[in-house]
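Hydrogens, waters and symmetry mates play no part in the numbers below; they use all other heavy atoms, side chains included. Atoms within a ligand are numbered from 1 in the order they appear, just like the ligands themselves.
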Amino acid sequence: MIVRALPADAEALIFDFDGTLYTNAAYARYQEDSQVARLARHLGIAEAEAAARLEAAREARRAAGLPKTSLARHFLSFGVDMASIVRWRIEEIRPAEWIGPNPALDRTLAALARRFRLALLTNNPREVGRAGVDALGVASRFEAVIGLDDTFESKPAPEPFLAAALALGLPPGACVSIGDRVDVDLEPALALGMGAILVDGVEDVYRLPELLTR
Ligand SMILES: [Mg+2]
């Protein structure tokens with residue numbers, strides 16, 4: 001766990017979902033593969049060809065010295081409209097098939113909720129985010145769930161972070177973004193004046209109450 005910034009007057013914690021509140025490599029792989037399969041059907045090409053085009057687009061950004069961008073932005077660049085991107089995810093991604101109740105996480109979030117307001121910020125549609133925290137048995141701990149269809153932008157764009165702060169009625173400087181990816185979850189939050197904590201999966205989340213509620 002790496003604390004990049006922690007405002008003394010922080011009032012809210014904004015959690016990433018995938019790779020932060022649970023770790024399941026097979027589920028992470030399925031999420032992308034399922035969307036690449038839909039892209040292939042949409043473009044009328046083989047799945048391997050769709051995967052190759054995605055990798056080529058990622059490589060082109062790397063070669064140009066550009067930062068990584070979201071899967072949604074890549075799909076937009078392939079001519080897929082945002083409504084389809086949102087719908088494909090809702091149709092294909094069912095968290096309860098991959099992850100289950102986590103009482104230790106629920107105890108952790110309950111402890112944090114005594115001191116902070118909690119929000120979830122995911123690059124999946126809001127409905128998938130809600131189904132995710134529901135599958136983990138922690139839905140009641142979050143007073144706001146912000147997803148792709150709230151701003152139609154994805155982290156690392158600033159809009160989703162601002163939407164999360166707005167949903168809580170707080171300035172960005174009163175919020176702390178917690179996630180597993182520096183470029184996606186931390187850097188854009190820091191640029192907005194938020195605090196930022198890098199975690200390496202849910203085991204690090206278990207340590208947050210000791211760090212934040214002393
Ligand atoms: Mg993540």
Side-chain angles (χ1 to χ4, degrees), residues 1-5 12-36 54 58 61 67-75 85-86 88-90 92-100 102 104-105 108-109 112 118-136 138-139 141-142 144-151 153-165 167 175-192 194-208:
M1 178 155 58
I2 298 171
V3 179
R4 283 281 297 274
L13 307 178
I14 298 174
F15 282 93
D16 168 51
F17 189 68
D18 299 297
T20 296
L21 296 186
Y22 76 92
T23 308
N24 182 326
Y27 178 35
R29 220 168 23 249
Y30 166 77
Q31 289 198 46
E32 177 159 315
D33 290 350
S34 71
Q35 300 309 297
V36 169
L54 176 62
R58 284 173 168 158
R61 284 188 71 88
K68 276 188 218 164
T69 193
S70 62
L71 190 63
R73 277 201 171 268
H74 281 301
F75 276 36
I85 292 170
V86 168
W88 293 353
R89 291 180 186 207
I90 291 172
E92 305 293 340
I93 301 174
R94 291 174 291 277
E97 294 180 1
W98 297 89
I99 53 180
N102 182 342
L105 177 62
T108 299
L109 294 173
L112 292 170
L118 308 184
L120 186 82
L121 177 55
T122 175
N123 275 352
N124 266 321
R126 194 184 326 114
E127 184 177 326
V128 176
R130 286 228 173 91
V133 287
D134 207 34
L136 293 176
V138 299
R141 304 299 176 194
F142 293 93
V145 175
I146 304 299
L148 177 60
D149 39 350
D150 283 289
T151 64
E153 289 286 352
S154 314
K155 299 181 281 183
E159 288 86 351
F161 293 92
L162 292 171
C175 302
V176 180
S177 174
I178 299 169
D180 65 307
R181 292 192 287 178
V182 171
D183 50 347
V184 172
D185 303 308
L186 271 66
E187 283 172 356
L190 290 164
L192 293 169
M194 291 185 178
I197 299 174
L198 181 70
V199 295
D200 187 20
V202 71
E203 287 75 15
D204 274 353
V205 173
Y206 298 153
R207 296 165 54 208
L208 287 171

_More than 12 heavy atoms of other residues, nucleotides or ligands under 6.0 Å from CG of Asp200: yes or no?_
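Result for CG/Asp200: open.
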_Would you say CD of Glu127 has more than 12 non-hydrogen atoms from neighbouring residues, nucleotides or ligands within 6.0 angstrom?_
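Atom CD in Glu127 is not crowded, with 12 or fewer foreign heavy atoms closer than 6.0 Å.
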*Begin from the C-alpha positions of Arg126 and Asp150 and carry the test side-chain contact (heavy atoms from CB on, under 4.5 Å) through to its verdict.*
CA-CA 7 Å; Arg126 194 184 326 114; Asp150 283 289; 3.0 Å; yes
*Roughly how far apart are Leu148 CG and Thr151 OG1, rounded to 0.5 Å?*
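The CG atom of Leu148 sits 7.0 Å away from the OG1 atom of Thr151.
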*If you leave out waters, which protein N, O or S atoms are less than 2.8 Å from the Mg ion (ligand 1)?*
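Less than 2.8 Å away from the Mg ion (ligand 1) sit Asp16 OD2, Asp18 O, Asp180 OD1.
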*Between the side chains of Asp185 and Ser177, is a donor N or O closer than 3.5 angstrom to an acceptor N or O?*
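The criterion, which ignores hydrogens and geometry beyond distance, is not satisfied for Ser177 and Asp185.
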_Side chains of Asn24 and Tyr30: any donor to acceptor distance under 3.5 Å?_
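The answer is no; no qualifying pair exists.
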